[in-house]
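Okay, structure first, notes after.
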Amino acid sequence: MSTVDETRMTLSIHPSAEQTGEAAASEVAALVQCHPAAVLGLATGSSPLPLYEALAKNEVDLAAVTAFALDEYIGLPPGHPQSYAAVIGHHVVEPLGMTPGRVHVPDGNPRDEHRSGEAYEAAIGAAGGIDLQILGIGSNGHIGFNEPGAAFSSRTRVVRLAERTRQDNARFFAAPEDVPTHAMTQGLATIFEARHLLLIAHGRGKATAIKRALTGPVTEDFPASLLQLHPRTSLFLDSEAASLLES
Ligand code: F6R
């Protein structure tokens, strides 16, 4: 492991996505072993899957953990296999033996989106805040679904997805036009308040975004650059995602 900045960010690079997931899972497991009732933030998408798979093989008991998903598509019918509620259920809650009632996902069909966002923020607060937030990164630098231009002060709300994000995520849907246009996402301020951020990325397609997030200017034009300001961020990368970083 090499340290980019001792006070802020640790960077851990591994030969494969699988090994990256195992290393990241060890960090999550260590937290839960010390704090069985820890509060986790959960990313979906392909990046954290090796982490969740490795954590499922770990002996750690996650039944007392509370969790909050980062985001949810707007407008998918409840139970749609690509809704993040369904993905979290299938890839996280079931294999990890989490308690379903303790795992929260933003409402993708809110009657009142403002109230729904506020209620999600309130639920995170009532749980004592997020101890460890698992993050992926979009190829355009988004975290959660906070697209370029999102305010660092933003809170949980409905956002319009960037076209690049819709194109990137079309692989999960039968047709590109099936990708929802909007999502409810934790805001950048919500994410930043987590006591520990853990970002996992693998593949050459993430290399440019990782380089810009870590070494570019801190700007709302590139939301993941906010990580440079967080007091505790752990980055788990495979060698392809890390390939543009100077050694
Ligand atoms: C998902 C999320 C997104 C993804 C990002 C990368 O909950 O918040 O920020 O982490 O779009 O997606 P993948 O991992 O599919 O490349």
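Fair warning: this is a prediction, and the values are worked out from it, not measured in the lab. Whatever order the structure lists them in is the order used to number ligands and atoms, beginning at 1.
R111 CZ: 12 or fewer foreign heavy atoms inside a 6.0 Å radius.
Looking only at atom types and distance, the side chain of H14 has no donor-acceptor partner in the side chain of S239 under 3.5 Å away. With 3.5 Å as the limit, one finds a donor-acceptor pair spanning the side chains of N169 and Y73.
In this structure, CG in D168 is found 7.5 Å from NE2 in H142, a value given to the nearest 0.5 Å.
In this structure, R115 does not pair ionically with E118, as no charged nitrogen and carboxylate oxygen lie closer than 4.0 Å.
Between H104 and F68, the distance separating the two ring centers is shorter than 6.0 angstrom.
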Pairs of nitrogen or oxygen atoms, one from ligand 1 and one from the protein, closer than 3.5 Å: please tabulate them with distances.
residue: ligand 1; atom: 7 (O); partner: T44; partner atom: N; Å: 2.9
residue: ligand 1; atom: 7 (O); partner: T44; partner atom: OG1; Å: 2.7
residue: ligand 1; atom: 7 (O); partner: D71; partner atom: OD1; Å: 2.7
residue: ligand 1; atom: 7 (O); partner: D71; partner atom: OD2; Å: 3.4
residue: ligand 1; atom: 8 (O); partner: D71; partner atom: OD2; Å: 2.6
residue: ligand 1; atom: 8 (O); partner: G144; partner atom: O; Å: 3.4
residue: ligand 1; atom: 9 (O); partner: H142; partner atom: NE2; Å: 3.4
residue: ligand 1; atom: 9 (O); partner: G144; partner atom: N; Å: 3.4
residue: ligand 1; atom: 9 (O); partner: G144; partner atom: O; Å: 2.7
residue: ligand 1; atom: 11 (O); partner: H142; partner atom: NE2; Å: 2.6
residue: ligand 1; atom: 14 (O); partner: S46; partner atom: N; Å: 3.2
residue: ligand 1; atom: 14 (O); partner: S47; partner atom: N; Å: 2.7
residue: ligand 1; atom: 14 (O); partner: S47; partner atom: OG; Å: 2.5
residue: ligand 1; atom: 15 (O); partner: S46; partner atom: N; Å: 2.8
residue: ligand 1; atom: 15 (O); partner: S46; partner atom: OG; Å: 3.1
residue: ligand 1; atom: 15 (O); partner: R171; partner atom: NH2; Å: 2.9
residue: ligand 1; atom: 16 (O); partner: K206; partner atom: NZ; Å: 2.6

